[in-house]
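Read the structure below first, then the notes.
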Amino acid sequence: MRIVQKYGGTSVGTIEKIKNIAESLVEQKKQGRELVVVVSAMGKTTDALLAKAGSITSKPNKRELDRLLSVGEQETIALLTMALNEFGVGAISLTGYQAGIETTGIHTKSKIKSIDSKKVEKYLAEGKIVIVAGFQGINEAGDITTLGRGGSDTSAVALAASLNCECEIYTDVDGIYGVDPRAYSKAKKIDEISYEEMMEMSSLGAGVMEVRAVELGKKYGVPIYVGRTLSDKRGTMIVERNLDMEEKVITGLGITDNIILTTLKSLENTPENISDIFEALGEAGVNIDMISQTLVEGGGLNLSFTCPDNELNLLEEALDRIRRELGEVQVEEHNHFTKISLVGIGMMSHPGVAGKVFKVFAREGIRFYQVTTSEISISYAIDPKDKERAVHALAEAFNL
Ligand code: ASP
Ligand code: MG
């Protein structure tokens with residue numbers, strides 16, 4: 001069986017760990033697996049490389065930065081290949097370029113355009129284990145590019161798509177949990193989750209896997225396994241949604257800390273006003289998330305929205321412009337809110353989730369300030385002091 005495996009930075013953080021992975025690969029090879037192995041840079045190497053650049057200039061040339069950052073993964077592929085050779089097993093290391101990974105877009109945030117897997121296929125046919133540097137490729141100009149932080153997941157899933165096989169992502173957690181175990185120690189591991197749910201969970205801050213990699217998996221139908229490196233414990237499968245899954249209404253709960261809730265009060269209710277406001281926010285580069293509006297007596301409008309609190313400067317800039325353009329606007333800002341989101345494809349066919357949440361909040365005396373929904377999720381902005389109680393009560397109510 002052919003498989004692409006990816007080992008993250010912590011998993012290859014020391015020489016000892018690299019040797020242990022090599023040993024496991026030898027064992028898997030004996031069992032007849034055809035292996036393509038994508039690795040990250042060792043431990044915090046990428047951060048260290050960034051710091052080195054930063055000690056020379058605050059604005060490194062992006063092309064040069066990409067060359068520097070791509071070095072981390074190249075160290076790992078060489079060491080892992082040597083370790084395999086020590087076990088007497090044929091293996092070969094390939095940079096992103098050598099593995100045929102072609103990218104497009106800007107340096108340090110490039111996207112994979114296509115993969116020419118001829119070389120990988122050739123080495124597999126020779127019976128070798130192929131070790132590929134994650135997070136990198138080569139662009140139209142023939143320059144080395146990187147895929148953005150955490151990009152090795154994307155390298156692995158893209159390679160699996162081009163080689164027509166499954167992808168296994170090995171990391172330092174046991175899989176995907178219904179709730180972040182740091183916030184709820186009784187959280188249950190999820191055996192199977194759909195791409196859609198995983199995408200919402202990633203962007204909602206579950207953080208185990210890169211969102212782009214999951215998107216790619218969905219697009220090309222690559223089943224993705226996420227589990228702990230060198231552990232027998234069963235992890236999580238990310239797959240196409242199926243009807244069985246829909247029986248469980250809620251799959252996971254996402255927590256996003258540090259959001260700002262802004263309310264613009266008693267606006268004149270015209271489409272131009274609203275569009276001016278969002279244009280100002282968009283042009284300042286504020287990432288708006290939840291939006292709601294309420295009509296107030298006398299025909300006015302209250303408009304609320306949330307954004308991450310590290311964008312406070314951008315928000316202030318936009319609010320200044322809004323005040324200038326719309327005249328005196330009453331602004332209310334609540335810093336440091338927390339967003340709690342429930343995610344589940346079962347919501348499409350089971351009504352009543354919102355009602356159940358409201359009941360839990362009422363019982364617990366938890367106030368919420370904003371609610372938004374998508375097809376498969378519902379999110380609440382709450383006061384951070386209520387977060388722990390909300391997470392525990394909801395996790396229990398929905399058996400997460
Ligand atoms: N080494 C890169 C990073 O630290 C890519 C990755 O690990 O996925 O972001
Ligand atoms: Mg990662």
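Every number for a ligand or one of its atoms is a count from 1 in the order of the listing. Hydrogens, waters and symmetry mates play no part in the numbers below; they use all other heavy atoms, side chains included. What you see is a predicted model; the values in this text were computed from it and never measured.
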Under the criterion side chain to side chain contact (heavy atoms under 4.5 Å, CB included), I'd like the reasoning laid out for M348 against E196: C-alpha separation, chi angles, the key distance, then a yes or no. CA-CA 12 Å; M348 293 198 286; E196 290 89 345; over 6 Å; no
Hey, is ligand 1 close enough to [X] that some N/O pair sits below 3.5 Å?
{"X": "T46", "result": "yes"}
{"X": "G150", "result": "yes"}
{"X": "S40", "result": "yes"}

Under 3.5 Å, is there a donor-acceptor pair between the side chain of E311 and the main chain of N287? yes
As an exercise, identify every atom of ligand 1 less than 4.0 angstrom from a heavy atom of R149. 3 (C), 4 (O), 9 (O)
Within ligand 1, which atoms have a heavy atom of E73 less than 4.0 Å away? 1 (N), 2 (C), 5 (C)
Out of S152, G8, S70, indicate the one that has the non-hydrogen atom closest to atom 6 (C) of ligand 1. S152
Is there a side-chain contact between M42 and L79, using heavy atoms and a 4.5 Å cut-off? yes
For the residue pair Y369 and F337, categorise the inter-ring angle as parallel (less than 30°), tilted (30 to 60°) or perpendicular (more than 60°). perpendicular
Take S155 and Q136, measure what side chain to side chain donor-acceptor pair (under 3.5 Å) needs, and give me the verdict at the end. CA-CA 8 Å; S155 308; Q136 59 179 270; over 6 Å; no
Quick one: does G151 get a heavy atom under 4.0 Å from ligand 1? yes
Ion pair present between E86 and K19, side-chain N to carboxylate O less than 4.0 angstrom? no
